[in-house]
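Quick note: residue numbers are just sequence positions, from 1. All values below were derived from every heavy atom in this structure, side-chain atoms included, with hydrogens, water molecules and symmetry-related copies excluded.
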Amino acid sequence: MSSSENQMTLRALLREKVHIQPGTLTRLPSSQAARLRSPLDLGRLLLAPLAGAPLALLDFWIGHPRGHVVVNPLRHEYLAGVQPVGRRSYDGVAWAAAQRLLTEPGLADPLAYLLDHLLGSDGAAEGRRLSDGAGRNAAWEEVGRRLQRQFNLGYAPAAAAQSPERYLAWGLRAFLADAAGLSVIDPGLERLLRTSLFDAGFWRRSQA
């Protein structure tokens, strides 16, 4: 069960980092729209998989000047750099398609790619990602190198084996949903995530 601090931070992320494009709800099939009380429910659905994440990870994201999510009718991708969103602009945007949030359980790939980029190079437009073997500081760079080595061992299922970026997104989604299950499929990746991204002690050391 997630802590009250996590829930408070998730609500803050919903206010500060997650944006619902106007008209998104009306573009959904009526059977899906009927499940939602308001457009904000789409943002809550997006963030729900992070309820069990370390508070430090959530705090890192909310405190970062880059990295927003826009829930919209169709686009489902992460784009680095400044993106126009209505009358505003955001630096580093994960575009999340509403219908995919409703039909595909777990952490959305665009959000995983956003976190990957923030941890790799603080989301710099031309910067590398954690899954590229990079890191925003020396501690995270070591995680990136270990991630590259683990990817090359070939434990990933076919869809995740196409690139290190997809491999990390699959790993994050699997860890958040069922860490024990991930340990059976790819024990090295489960151990790496458990001792870095999902370890409060590592976050303290990495920020020292």
Does [Y] offer a backbone N or O that forms a donor-acceptor pair with the side chain of [X] under 3.5 Å?
X	Y	result
His19	Val70	no
Arg66	Asp122	yes
Asn137	Ala139	yes
Arg100	Glu104	no
Asp41	Arg37	yes
Lys17	Gly67	yes
Gln148	Ser131	yes

If I take atom [atom1] from residue [X] and atom [atom2] from residue [Y], how far apart are they, to the nearest 0.5 angstrom?
X	Y	atom1	atom2	value
Ile62	His64	CD1	NE2	13.5 Å
Arg136	Leu130	CZ	CG	11.0 Å
Gln150	Glu190	CD	CD	10.5 Å
Leu193	Leu147	CG	CG	7.5 Å
Asp59	Leu13	CG	CG	8.5 Å
Arg44	Arg11	CZ	CZ	9.5 Å

* Verdict with reasoning, Tyr167 to Asp186, per side-chain hydrogen bond (donor to acceptor under 3.5 Å, both in side chains) -> CA-CA 11 Å; Tyr167 178 61; Asp186 191 336; 2.5 Å; yes
So which heavy atom on [X] is nearest to which on [Y], and how close?
X	Y	answer
Trp170	Ala160	CB-CB, 3.6 Å
Ala134	Gly120	CB-O, 3.8 Å
Leu101	Ala108	CD2-CB, 3.9 Å
Ala97	Pro73	CB-O, 4.2 Å
Ala112	Leu172	CB-CD1, 4.1 Å
Ala125	Ala80	O-CB, 3.9 Å

Does any non-hydrogen side-chain atom of [Y] lie less than 4.5 Å from one of [X]?
X	Y	result
Arg191	Ser196	no
Arg27	Asn72	no
Leu102	Leu36	yes
Val18	Ile20	yes
Arg129	Ser121	no
Phe175	Leu197	no
Phe202	Thr195	no
Leu10	Leu58	yes

So if you build clusters from Ile, Leu, Val, Met, Phe, Trp, Tyr with side-chain heavy-atom gaps below 4.5 Å, do [X] and [Y] land together?
X	Y	result
Leu50	Leu118	yes
Leu40	Val69	yes
Leu46	Leu107	yes
Leu55	Leu119	no
Leu45	Leu114	yes

* To do: Could you please spell out the steps behind the side-chain hydrogen bond (donor to acceptor under 3.5 Å, both in side chains) verdict for Ser3 and Asn6?
  => CA-CA 5 Å; Ser3 69; Asn6 279 43; 3.0 Å; yes
* **Neighbour count >12 (heavy atoms, 6.0 Å) for atom CZ, Arg166** => no
* For Glu5, does the CD atom have more than 12 heavy-atom neighbours from other residues, nucleotides or ligands under 6.0 Å away? -> no
* Val82/Tyr90 under side chain to side chain contact (heavy atoms under 4.5 Å, CB included): CA gap, chis, key distance, verdict -> CA-CA 5 Å; Val82 177; Tyr90 299 113; over 6 Å; no
* Asked: Would Leu168 and Leu115 satisfy side chain to side chain contact (heavy atoms under 4.5 Å, CB included), going step by step from the backbone distance to the final call?
  -> CA-CA 10 Å; Leu168 178 57; Leu115 296 173; over 6 Å; no
* **side chain to side chain contact (heavy atoms under 4.5 Å, CB included) evaluation trace for Asp116 with Glu165** => CA-CA 8 Å; Asp116 185 5; Glu165 174 188 58; 4.2 Å; yes
* Asked: Are Trp95 and Tyr78 an aromatic pair by the rule of ring centers under 6.0 Å?
  -> no
* Asked: Is it true that His117 and Tyr113 have ring centroids separated by less than 6.0 Å?
  -> no
* Walk me through it: do Trp203 and Phe198 pass the test ring pair (Phe, Tyr, Trp, His ring centres under 6.0 Å)? => CA-CA 8 Å; Trp203 278 97; Phe198 294 95; 9.3 Å; no
* Leu14 and Leu47: side chain to side chain contact (heavy atoms under 4.5 Å, CB included), yes or no, with the steps? -> CA-CA 8 Å; Leu14 185 62; Leu47 294 173; 4.0 Å; yes
* **Arg205/Asp199 ion pair, N-O < 4.0 Å** => yes
* Are Arg149 and Glu142 close enough for a salt bridge, meaning some N to O gap below 4.0 Å? -> yes
* What residues, two or more places apart in sequence or in another chain, satisfy salt bridge (Lys or Arg N to Asp or Glu O under 4.0 Å) together with Asp109? -> Arg173
* Asked: Cluster partners of Tyr155, using ILVMFWY side-chain heavy atoms under 4.5 angstrom, listed by chain and number?
  -> Leu153
